[in-house]
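Okay, so here's the structure we're looking at.
Just so you know, ligand 1 is whichever comes first in the structure, and atom 1 is the first atom listed for that ligand. These numbers come from the heavy atoms of this one structure, side chains and all, not from hydrogens, waters or symmetry mates.
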Amino acid sequence: MNIAAKKVDVAKEAAALLEKMGVAKELYAGGDMPSFSPVTGEKIASLKTVTASEAAGKIERADEAFRSWRLVPAPKRGELVRLLGEELRAFKADLGRLVSIEAGKIPSEGLGEVQEMIDICDFAVGLSRQLYGLTIATERPGHRMMETWHPLGVVGIISAFNFPVAVWSWNAALALVCGDAVVWKPSEKTPLTALACQAILERAIARFGDAPEGLSQVLIGDRAIGEVLVDHPKVPLVSATGSTRMGREVGPRLAKRFARAILELGGNNAGIVCPSADLDMALRAIAFGAMGTAGQRCTTLRRLFVHESVYDQLVPRLKKAYQSVSVGNPLEPAALVGPLVDKAAFDGMQKAISEAQSHGGSVTGGERVELGYDNGFYVKPALVEMPQQEGPVLEETFAPILYVMKYSDFDAVLAEHNAVAAGLSSSIFTRDMQEAERFLAADGSDCGIANVNIGTSGAEIGGAFGGEKETGGGRESGSDAWKAYMRRATNTVNYSKALPLAQGVSFDIE
Ligand code: NAD
């Protein structure tokens, strides 16, 4: 089913939302950088960009702010993040709607992204009273050894278009309670939602009262402005989310100046459906994982291995779901699949599909859906049955293409599962405990996220998020990801009257 086009004035609605959230008009009207809505493809704003020297000035101001923010007790810093969570609750509907307009997400996903921001704020508030260090047994008598965690500095955040607000909050909420300042370079495809987040944070800062000026900054601009952040000596950590191509550029630049990197890059996520799987459950999880967000999640399911004994039960049902899924205007509640972000994404999808066909792939779906918006790129998600894993199956194409392959041997399918360059998310559907445990074991899935009887997408904020290999190795969000945002000091205190050296070394001077 295709959701028919309704006349929507996305530019007008975006402006009204921005005004309601308190964004100054001069920031998004009459500027030099256009912003487009994938819903209709039309221009919805013209943003004022920063020059390289203005960006450097903002980083300097954030560094100044850091110098006093680091001295505010952590639970008090948590109070600012608590207020941010309150403001996000108050503006959830508005910000969620703006995410739908600017990133093309269906309403529940736009709202879900803001819910994720609220959740990470709650998490960070609790964390502000739990920035624990260890006390460590020392080998020397009359000594005490411990570790303490101190604020790090300015945290640079570079984000991708497909999670335009959540990724900022994963980083910013942790960084702020850890005593850091934040400077954010959002995607040039989704700058309006960044302005809205900054305005919402500024409300929280105003209620907080005495946060230092410049604690949070936004740099509107293209990748050259991102490079200013990456190269600036006063930014000890950059958390960069985006393509593996971007990570290949950013990673070495950060390494060159010994800055820390949290790299959250592309995924080529797979699922395995075993003979004992609950096929109804698997079907729903696969449908959401592969078609949800129009295939534009880093955790989107892109490769599916189905055991030969259940292939003919599952795959025809999946194909039916692909044929009947509702594609359309994401501002309408009935749509499950919204638009691709732009024409380049559409072209990339078509190219991958024709390459898959040249490798023997058989395609269901994949064609453009005309809704009457000339520059809106809507597609039927594509299911491609492949004789083997090769060609485009080995790469991430950031669009809704699911490659389906048949398997017979568990060890062989595990090897195939791991035989791609990316290592973000993975899942297995089985009721066989040995298969499930094996998938999670040292010689099982090599990804940062490995799930049993859940799809690859839709992670909760409580766990550390990130992946291995060409996904970049970074971790952000929950668990102990906060440690990357702080400076660890190991402290040894001698309260004895002697000076014993470690490892029994003697160095006696007269
Ligand atoms: P992209 O790489 O084109 O851009 C991401 C960001 O990096 C943008 O803000 C861009 O301006 C900036 N950038 C690009 N080159 C840069 C450079 N040389 N220096 C500094 N900044 C630079 O990615 P995209 O198209 O916006 O997003 C889609 C990609 O992001 C997919 O590959 C997806 O898998 C990945 N992604 C990963 C995660 C994750 O957590 N692993 C989450 C979301 C998206």
Side-chain angles (χ1 to χ4, degrees), residues 33 35 38 47 49-50 52 55 102-105 113 116 156-171 183-191 193-194 218-232 235 238-254 256 259 261-269 293-302 340-342 344-345 348-349 395-400 420-426 447-449 456-459 461 463-478 481:
M33 193 175 90
S35 162
L47 289 93
T49 53
V50 288
E102 204 182 30
K105 293 193 178 190
E113 197 174 332
E116 208 168 324
I157 303 167
I158 294 173
S159 59
F161 80 85
N162 66 319
F163 273 93
V165 293
V167 164
W168 168 73
S169 68
W170 287 5
N171 288 284
V183 179
W184 180 18
K185 209 301 278 174
S187 165
E188 47 274 58
K189 292 177 188 167
T190 51
T193 40
V218 176
L219 308 178
I220 298 296
D222 60 12
R223 71 173 64 165
I225 292 301
E227 285 169 5
V228 175
L229 192 57
V230 168
D231 291 340
H232 201 288
V235 182
V238 173
S239 172
T241 299
S243 57
T244 295
R245 178 206 60 72
M246 177 275 283
R248 268 190 225 292
E249 290 165 11
V250 165
R253 288 176 94 120
L254 290 169
K256 201 168 166 195
I262 296 176
L263 295 178
E264 300 281 351
L265 311 174
N268 189 359
N269 317 298
T293 330
Q296 299 169 115
R297 283 191 186 221
C298 50
T299 51
T300 290
L301 180 68
R302 307 199 181 278
L340 293 175
V341 70
D342 55 19
M349 178 175 179
E395 306 286 323
E396 176 194 56
T397 299
F398 214 55
V420 293
L424 180 52
S425 188
S426 59
C447 293
I449 299 169
T456 53
S457 71
I461 58 94
F465 184 90
E468 301 301 325
K469 303 192 291 184
E470 290 191 1
T471 302
R475 292 297 185 277
E476 59 192 1
S477 192

If we ignore hydrogens and angles and just use 3.5 Å, is the side chain of [X] paired with the main-chain N or O of [Y] as donor and acceptor?
X      : Y      : answer
Arg302 : Gly295 : yes
Thr244 : Leu265 : no
Gln296 : Val341 : yes

Can you report which non-hydrogen protein atom sits closest to [atom], along with the distance?
atom                    : result
atom 28 (C) of ligand 1 : Phe398 CE2, 3.7 Å
atom 41 (N) of ligand 1 : Leu265 O, 2.8 Å
atom 32 (O) of ligand 1 : Glu396 OE1, 2.6 Å
atom 35 (C) of ligand 1 : Gly242 O, 3.1 Å

Taking [atom] as the point of reference, which of [options] owns the nearest heavy atom?
atom                    : options                : value
atom 22 (C) of ligand 1 : Arg223, Gln296, Lys189 : Arg223
atom 1 (P) of ligand 1  : Cys298, Ser243, Pro191 : Ser243
atom 19 (N) of ligand 1 : Glu227, Met246, Glu476 : Glu227
atom 8 (C) of ligand 1  : Gly221, Ala160, Ser159 : Ser159

Could you tell me, atom by atom, which parts of ligand 1 come under 4.0 Å of a heavy atom of [X]?
X      : answer
Gly226 : 20 (C), 21 (N)
Pro186 : 9 (O)
Asn162 : 43 (C), 44 (C)
Gly266 : 32 (O), 34 (O)
Ile158 : 6 (C), 7 (O), 9 (O), 12 (C), 20 (C), 21 (N)

>> Any protein heavy atom at under 4.0 Å, with atom 4 (O) of ligand 1 as the reference point?
In response: no
Check: [Y] and [X] side chains under 4.5 Å, non-hydrogen atoms:
X      : Y      : answer
Asn162 : Ser187 : no
Pro191 : Met33  : yes
Thr293 : Thr300 : no
Lys189 : Asp342 : yes

Backbone, side chain, both or neither: what part of [X] comes under 4.0 angstrom of ligand 1, heavy atoms only?
X      : result
Thr241 : both
Val341 : neither
Phe163 : neither
Arg297 : neither
Arg253 : neither
Ala240 : neither
Val250 : side chain
Glu188 : side chain
Glu264 : both

Less than 3.5 Å between some nitrogen or oxygen of [X] and one of ligand 1, yes or no?
X      : answer
Glu249 : yes
Phe161 : yes
Phe465 : no

> In Å, rounded to the nearest 0.5 Å, how long is the span from OG1 of Thr241 to CZ of Phe465?
Replying inline: 8.5 Å
> Counting heavy atoms not belonging to Glu227, are there more than 12 under 6.0 Å from its CD?
Replying inline: yes
>> Before you tell me yes or no, could you show the steps for Thr193 and Glu102 under side-chain hydrogen bond (donor to acceptor under 3.5 Å, both in side chains), namely the whole-Å CA-CA distance, both residues' side-chain angles and the distance that decides it to 0.1 Å?
In response: CA-CA 7 Å; Thr193 40; Glu102 204 182 30; 2.8 Å; yes
> Can you name the salt bridge (charged side-chain N to carboxylate O under 4.0 Å, His left out) partners of Glu116, sequence neighbours left out?
Replying inline: none
>> side chain to side chain contact (heavy atoms under 4.5 Å, CB included), that's the test. Do Asn269 and Cys447 meet it? Break it down for me.
In response: CA-CA 9 Å; Asn269 317 298; Cys447 293; 5.8 Å; no
>> Taking side-chain contact (heavy atoms from CB on, under 4.5 Å) as the criterion, tell me which of Val218, Ile225, Ile220 meets it with Val50.
In response: Ile225
> Any Lys/Arg nitrogen of Arg248 or Glu470 sitting under 4.0 Å from an Asp/Glu carboxylate oxygen of the other?
Replying inline: yes
>> As a quick check of understanding, evaluate salt bridge (Lys or Arg N to Asp or Glu O under 4.0 Å) for Glu468 and Arg475, giving each step before the final call.
In response: CA-CA 10 Å; Glu468 301 301 325; Arg475 292 297 185 277; 2.4 Å; yes
